[in-house]
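Beneath this line is the structure, given in structure tokens, with notes to follow.
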Amino acid sequence: MNDVTDPRPTGTDFIRQIVATHVREGRYGGRVVTRFPPEPNGYLHIGHAKSICLNFGVAEEFGGRCHLRFDDTNPETENIEYVRAMQDDLRWLGFDWGEHLYFASDYFERMYECAVTLIRKGLAYVDSSSEEEIREARGTVTEPGRPTAYRDRPVEENLDLFARMRAGEFPDGAHVLRGKIDLSATNMIMRDPVFYRIRHAHHYRQGDDWCLYPLYDYAHCLEDAFEGITHSLCTLEFENNREIYDWILDNVGFAEPRPHQYEFNRLALDYTVLSKRKLIRLVRDGHVAGWDDPRMPTIAGLRRRGVPPEAIRLLAELVGVAKSNSRVDPGKLDFAIREVLNHEAPRVLAVIDPLKVVLTNWEAGRVEELTAPYWPHDVPREGTRPVPFSGELWIERDDFSDDPPKGFRRLAEGGAVRLRHAYVIRCDQVVRDADGTIIELRCSVDEGTRGGGGGARKGLGTIHWVSVPHAVDAEVRLYDRLFVVADPDDVPEGGDFEVHLNRESLPTPSVAKVEPSVLTDDPSTRYQFERKGYFWRDPVDGLGERLVFNRIVQLKDTWRRQAEGDRAAPPAPAPAGAAESPRSESEDRPRTSTERKAARVADPDLAARMQRYSDELGLTPEDADVLTGSRTWSDFFEAALRVHSDAPAVASWMVNDLRGVLEGRELSELPFQGKALGRLTRMVSDGEVSRRAAKEVLERMAHTGGDPAQLVDELGLGRVADRDELGGVADRVLARWSAKVAEYHDGKTGLLGLFVGEIMKETGGAADPVLARAVLLERLGTRGR
RNA sequence: UGGCCCGUCGUCUAAUGGCAGGACACCGGUCUUUGGAACCGGCGGUGGUGGUUCGAAUCCACCCGGGCCAACCA
């Protein structure tokens with residue numbers, strides 16, 4: 001009996017599912033080309049890292065490639081320093097774009113030619129209005145825009161003006177090139193967007209060759225098309241921009257398969273800001289020491305702090321890719337860092353807040369060299385270093401307590417503790433100064449306790465230490481989070497995110513005592529200071545004579561926790577006169593109740609039908625509403641009704657099922673008509689097919705059209721309602737899923753759905769589900785195990 | 001206020017009409033010369049209301065909540 005064990009698929013994100021589908025269907029001849037398109041006007045941050053991992057990751061997984069393209073279309077904010085720094089960070093993160101390094105500014109000539117094409121087609125015009133006039137004429141979300149005085153300029157004039165704009169005949173702002181699209185579009189972006197503006201500015205790469213610069217919406221899609229990008233991945237705030245992306249590529253004349261844009265959620269991390277604007281302010285206002293300040297969420301900052309690139313890639317994997325606006329707990333980054341470093345970092349002893357211990361029974365001047373392994377028993381790596389032990393030691397101040405709380409496993413007066421890699425000591429006496437501050441502990445060592453043989457000492461705590469005469473002084477920087485609230489952007493109106501800055505994020509310098517072995521190590525070593533956290537030498541301030549360690553992340557500390565309590569067809573250019581109100585996307589398929597209501601107000605016949613549908617035909621008000629939102633829908637419904645008069649049933653099929661198979665098409669684009677739906681619903685009512693089988697037929701009809709009865713035959717979906725036949729199927733299913741049957745009998749009755757589903761699959765959807773269910777219940781009920 | 005997008009454990013994310021699963025966090029335990037790691041166990045979720053269906057997180061309607069859009073930024 002082949003029992004089935006959970007063959008449930010493991011999920012991949014929606015972007016990869018789309019790409020996988022395209023590859024499988026050969027959409028781009030199997031090619032996958034993505035791109036990472038930063039604007040060189042700041043530093044890359046961890047939010048970019050997610051996008052980088054997605055773009056390069058998808059390309060690699062599907063055997064494609066990912067381009068690095070600097071989107072340098074704005075001469076006023078971009079410069080070469082940022083270009084260099086970004087490439088540096090990208091390489092450090094572990095990504096390679098090979099020979100595919102591009103600059104948007106290198107495409108200026110081709111973009112210009114595309115604009116000329118649009119002007120010739122009457123799809124773009126030179127507007128000589130002022131910036132304010134254009135803004136004002138654009139309207140608002142509730143009011144349509146109005147044409148400016150230049151919207152109907154003749155093509156020849158536009159061509160001439162545009163050429164002179166390029167030639168530098170006009171000052172900044174004198175003219176602008178706009179798409180001639182739709183001033184009453186509900187999508188504000190489609191209200192004649194500006195494509196080009198005049199800027200007499202020096203471009204860091206193109207010099208003074210241009211004084212005409214393209215804007216994002218115009219430029220980006222063309223850059224993608226020029227490079228043969230297949231999947232243009234960007235963040236959710238560009239969803240509204242997809243319509244212009246498609247408009248431009250279609251109208252310039254890029255035929256399918258051309259690039260398409262897909263949007264995913266950007267990374268937002270709690271307790272930081274991840275917007276270039278705000279990051280720039282932190283730097284400019286001096287709240288941080290620079291782009292690479294270890295507290296910064298920039299790649300440069302994380303890198304300087306000591307975070308390994310693998311950890312950032314792991315974080316990207318952990319947070320996933322979806323479309324919900326989400327905020328990630330920084331604890332997830334901490335976890336990723338520890339996860340990587342646990343298997344990488346050698347352990348070393350360092351005391352951060354030292355307290356002296358004098359061993360009273362250790363011979364003066366005696367030094368013992370201990371051999372200590374770099375990694376704990378559970379990390380499969382080898383290596384040791386010598387650690388000197390003497391009669392004077394530094395231990396951590398909080399490893400001693402005057403008044404030990406319950407469960408305290410460290411040192412207390414009269415108590416014992418194990419020194420890591422060394423001996424057990426007992427505290428005999430506490431030495432205080434005049435203020436009562438503890439300045440020294442006098443302890444005795446138990447020389448018999450060295451090494452692993454501390455049988456009698458179980459239950460004892462272990463603390464870290466450093467020999468006083470051998471200790472190396474080092475500055476340790478214990479950075480704290482930059483902001484004091486989870487969402488620094490959440491400020492009252494008129495407020496500023498900087499009010500949430502953590503004034504104590506910069507550590508007060510402290511001198512730590514570190515074991516001497518670190519002096520001979522590679523200065524880029526990332527250590528774990530046992531019991532304290534992961535550290536490495538600051539690559540800017542701490543590589544010379546001076547030892548400066550940055551704390552990368554703390555260790556988990558359950559004791560402290562406990563102790564402290566606890567996502568088009570080109571529309572014809574709109575007429576010069578503006579409409580009364582913003583025009584809806586589709587007259588054919590009104591989506592909202594507001595649109596449907598408006599349709600009925602405009603068409604009294606529809607209103608009358610609404611009335612009749614609910615009063616005479618017995619439809620629910622909701623169904624009547626949906627079916628009278630447009631003539632198309634209503635006519636379709638009435639056509640179906642002439643074939644099959646069960647109005648509520650036909651209505652239900654239209655409202656609940658037909659919409660699902662449209663896949664973005666209009667009703668008029670379906671390869672079948674109302675009559676066909678009427679025939680299908682009649683077959684269901686007559687019991688010739690199960691409802692479920694009918695849904696499959698409907699889906700087929702939506703793709704290829706065809707006669708329902710014929711399709712039922714072809715697909716073998718004639719209803720199976722034979723009790724014996726279903727019984728046989730049920731037996732096979734239950735046998736195959738014996739483990740689940742056992743769970744069912746243990747009370748997991750939700751599994752009945754699984755069994756019914758299996759019978760439906762086995763019969764290709766032809767079984768009568770009601771009967772199947774009954775047959776199953778019979779068997780499950782009488783054959784309890 | 002109009003359009004578009006999104007609502008699943010505290011957080012991030014699967015389930016594509018058929019078993020609500022994973023990760024982080026949290027709690028408990030085992031082990032431990034790191035109060036680390038590892039291992040075992042636990043807690044905890046489909047925004048609401050109706051509808052369609054044998055069966056709804058998933059499809060439909062309405063409501064609620066959140067995000068984006070009225071730059072000559074990207």
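This is a predicted model, so every value here is computed, not measured. Just so it is clear: chains get the letters A, B, ... in the order the sequence lines come, proteins before strands, and each one is counted from 1.
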Does any N or O donor sit under 3.5 Å from an N or O acceptor when you compare the side chain of A:Lys695 with the base of B:G17? yes

Atom-to-atom span, OH of A:Tyr82 to P of B:A74 - whole angstrom: 16 Å

Of all the nucleotides listed (B:C19, B:G35, B:U13), which has the minimum atom distance to the side chain of A:Thr462? B:G35

Would you tell me if any nitrogen or oxygen in the side chain of A:Thr73 comes within less than 4.0 Å of OP1 or OP2 on B:A74? yes

Can a side-chain donor-acceptor contact be found between A:Asp224 and A:Ser232 if the only test is distance below 3.5 angstrom? yes

Validation row, ring centre A:Trp465 to ring centre A:Phe389 under 6.0 Å: yes

Test A:Asp399 against every option in A:Arg531, A:Arg420, A:Arg409 by the salt bridge (Lys or Arg N to Asp or Glu O under 4.0 Å) rule and name the one that passes. A:Arg531

When you measure from the side-chain N and O atoms of A:Ser593 to the phosphate of B:C62, is any distance below 4.0 Å, counting only OP1 and OP2? yes

Atom CG of A:Asn325 and atom P of B:G7: how far apart are they, to the nearest Å? 10 Å

The side chain of A:Lys332 is closest to which nucleotide in this list: B:G36, B:C12, B:G3? B:C12

NZ of A:Lys597: more than 12 outside heavy atoms within 6.0 angstrom? no

Without decimals, in angstroms, what is the distance between A:Glu317 CD and B:C24 C1'? 14 Å

Using a distance-only criterion (donor-acceptor N/O pair, under 3.5 Å, no hydrogens), is the base of B:C19 paired with the side chain of A:Lys740? yes

Mark up nucleotides 46-54 of chain B, 5' to 3', with B wherever a protein heavy atom is under 4.0 angstrom from a base atom, S wherever such an atom reaches only the sugar-phosphate, and - elsewhere. -----BSSB

Whole-Å distance, A:Ile759 CD1 to B:G18 C1', equals 12 Å

Measuring to OP1 and OP2 of B:G35, would you say a side-chain N or O of A:Arg531 lies under 4.0 angstrom away? yes

Please determine if a side-chain N or O atom of A:Arg420 lies less than 4.0 Å away from the OP1 or OP2 oxygen of B:U32. no

Could you work out which one of B:A14, B:A37, B:C72 sits closest to the side chain of A:Val194? B:C72

Does any N or O donor sit under 3.5 Å from an N or O acceptor when you compare the side chain of A:Asp378 with the base of B:G36? yes

In this structure, is the centre-to-centre distance between the rings of A:Tyr613 and A:Phe637 below 6.0 Å? yes

Rounded to whole Å, how long is the line connecting atom CG of A:Asp217 with atom C1' of B:C72? 12 Å

A:Lys556 has an atom NZ; how far is it from atom P of B:G36, in whole Å? 7 Å

Whole angstrom is fine here: how far is it from CG in A:Asp192 over to P in B:C69? 20 Å

In this structure, how many angstroms lie between the P atom of B:G67 and the CG atom of A:Asp489, rounded? 11 Å

Does RNA chain B take part in any stems of at least 3 consecutive Watson-Crick or G-U pairs (both distances under 3.5 Å), and if so, which ones? B:2-7 with B:64-69, B:10-13 with B:21-24, B:26-30 with B:38-42, B:47-51 with B:59-63

Please check this pair: side chain of A:Lys50 against backbone of A:Gly320, looking for a donor-acceptor N/O pair closer than 3.5 Å. yes

Could you tell me if the ring centre of A:Tyr374 sits under 6.0 Å from that of A:Tyr527? no

Could you tell me if A:Asn187 and A:Asn240 have a donor-acceptor pair between their side chains, going purely by distance under 3.5 Å? no

Would you please say whether a donor-acceptor pair under 3.5 Å links the side chains of A:Gln528 and A:Arg338? no

Ring center gap for A:Tyr534 and A:Phe529 short of 6.0 angstrom: no

Record whether the side chain of A:Asn240 comes under 3.5 Å of the base of B:C68 through a donor-acceptor pair of N or O atoms. yes

Residue-phosphate contact under 4.0 Å: A:Ser326 side-chain N/O, B:U13 OP1/OP2: yes

